[in-house]
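Remarks on the structure that follows.
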Amino acid sequence: MRTLEEIKTEMDAVQSTIPEAAKLTSKSKVSVFGTLRNIWALFVQTLEHQFDVMTTDLQTAYDAKQIGTVGWYADQVRNFQYGDRLTFVNGRPGYAVIDDAKRIVRQVSVTEVGNSRLLIKAAKPDGLYMKELSNDELNALRAYVRNIKYAGVKTDVVSLPADELRIRAVAKIDPQIMNPDGMALDGSGRKLVHEAIIIYARSLPFDGVFSWTGLTDVCQTYLGIKDFVVRETSWRPAGSPNWQPFERELVSPAGHMKAIEFQIEYIF
C-alpha cells in the first residue's frame, strides 16, 4: 500500500498534464482544493488497503483448504477447543461437538522456519488487546497440535505476552485542541498523540509489521495533530529491562505489541 505522500505525488504529476487543472496549485490544508486533494488521497489509500486485505483474505481462504499448508495448520489451531477431548470425525481429528466458547485461540500465525518445522504463535483476547495463553492452555494446545500434525512435521508452539514499544517523536499540534504538554483542552484528560500511537499498535494484524510510515499516516489524520515525525523507536519483550532500538519496521516476535513509553516533543 502506498503512503499518502506517494499518492499525492502521482496526483500532482497527472494534474500537471491537464491544462484546466494545472492552475490549481494551493497546497494549503484550509483551501478547498487542498482539502479535496487530501480527502481524495486518503480515499485512494483506503481503497488500496481494502484491495490488499481482500487479496490476503482470498489467499488465506485458499491456503486453508489445502491440507498440510501453513494456512491449514493455522485454521486447525483456531479450531482448538480448550478442555475438550480430541476424537476422530469422518476419519480426521476433530471434536464430537463444536463449542465456539471453548475456542480460546483467536489470533494465530504459522511460518516455516526450516525443513519440515513450523513456528506457531497463538494468543487469546483480552479486552481490546491480545494476551498469552496460560501454562495449562498452552500445554493443552501443544498436545492438540501433536495429534493433528502430519508425521515428520516438527512444531514449535509459543504464546507470549505482548512486546513493548517506546516511541520518540516530534508532534506539531493544534493549540486549539491541545495544550503545550499534548493534553486535550476538552477536559477529558486525554493525551491525543499517545492515544493515536496506542490505537495504531493495537490495530495491527497479528504478526503484522509495525512501521514508521504507517504510524505517521495514522497520527497525521488524528484530531489535533498537524504533523508527526518519528525520531527513534525501541522494543523489548514483556518484563525485560533492556530496550532494543529498531528503524523503520518491526515484526513483533510475540506477534502482538503495546506502546507503553512515549517521549514526545510538542511544537505549534
Side-chain angles (χ1 to χ4, degrees), residues 1-10 29 37-53 56 107 109 121 123 126-131 160-174 177-184 188 190-238 240 242-268:
M1 183 180 71
R2 293 179 296 169
T3 66
L4 288 173
E5 290 306 315
E6 288 172 336
I7 294 171
K8 290 177 185 178
T9 298
E10 183 172 330
K29 289 187 177 182
R37 178 173 175 268
N38 291 336
I39 291 174
W40 183 253
L42 185 59
F43 170 75
V44 171
Q45 186 187 55
T46 301
L47 188 62
E48 289 182 357
H49 173 68
Q50 292 302 318
F51 278 132
D52 289 345
V53 170
T56 300
Q107 296 289 357
S109 71
K121 300 179 186 178
D126 182 28
L128 295 174
Y129 294 93
M130 303 303 298
K131 68 180 296 185
L160 302 171
D163 290 321
E164 298 172 345
L165 291 170
R166 179 173 67 187
I167 311 295
R168 187 169 70 85
V170 177
K172 185 176 182 180
I173 59 175
D174 187 341
I177 304 297
M178 286 178 262
N179 69 17
D181 294 323
M183 190 78 71
S188 64
R190 296 159 60 198
K191 285 216 160 186
L192 300 179
V193 176
H194 294 192
E195 196 172 275
I197 295 170
I198 289 170
I199 288 174
Y200 170 70
R202 190 177 67 203
S203 66
L204 292 173
F206 192 70
D207 230 18
V209 179
F210 179 99
S211 75
W212 288 13
T213 300
L215 174 61
T216 299
D217 286 346
V218 167
C219 287
Q220 287 180 336
T221 60
Y222 211 72
L223 177 66
I225 305 175
K226 294 183 174 182
D227 198 9
F228 186 84
V229 179
V230 180
R231 295 298 191 201
E232 184 181 90
T233 48
S234 304
W235 78 279
R236 67 184 181 189
S240 170
N242 301 318
W243 289 103
Q244 303 175 44
F246 70 93
E247 291 190 4
R248 300 296 174 186
E249 293 185 347
L250 172 72
V251 176
S252 163
H256 55 128
M257 59 190 85
K258 286 182 179 181
I260 68 161
E261 190 171 314
F262 311 90
Q263 299 173 358
I264 310 299
E265 177 187 349
Y266 296 101
I267 60 175
F268 291 134

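This one's a predicted model, so the numbers in the text were calculated from it and none came from an experiment.
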Pick one: which of Thr213, Thr221, Leu215 meets side-chain contact (heavy atoms from CB on, under 4.5 Å) with Asp217? Thr213
Can you tell me how far CG of Leu204 sits from CE of Met257, rounded to the nearest 0.5 angstrom? 6.0 Å
Strictly distance-based, threshold 3.5 Å: is any side-chain N or O of Gln45 a donor or acceptor partner for the main-chain N or O of Arg2? yes
When you check the side-chain N and O atoms of Trp235 and Ser252, is any donor under 3.5 Å from an acceptor? no
Do you know the tightest heavy-atom contact between Phe268 and Met178? CE2-O, 4.1 Å
Could you tell me whether the side chains of Asp207 and Gln107 share a donor-acceptor contact shorter than 3.5 Å? no
Over-ring placement of Arg202 relative to Tyr129, 6.0 Å and 45° cut-offs: yes
State whether Arg236 and Glu164 are salt-bridged, where the test is any N-O pair (Lys NZ or Arg NE/NH1/NH2 against Asp/Glu carboxylate O) under 4.0 Å. yes
What closest approach, in Å, do Ala259 and Ile197 show between heavy atoms, and which atom pair accounts for it? CB-CG2, 3.8 Å
Partner residues of Tyr200 under the ring pair (Phe, Tyr, Trp, His ring centres under 6.0 Å) criterion, sequence neighbours left out: Phe210
Is the charged tip of Lys172 near the ring of Phe228: under 6.0 Å from the six-membered ring centre and within 45° of its axis? no
Side-chain donor/acceptor of Ser240 to backbone N/O of Pro237, under 3.5 Å: no
Is the side chain of Asp126 donor-acceptor paired with the backbone N or O of Met130 at a distance under 3.5 Å, no angle test? no
Can you see which heavy atom on Ala254 is nearest to which on Leu160, and at what distance? CB-CB, 3.8 Å
Can you find a pair of side-chain heavy atoms, one from Gln220 and one from Asp227, that are under 4.5 Å apart? yes
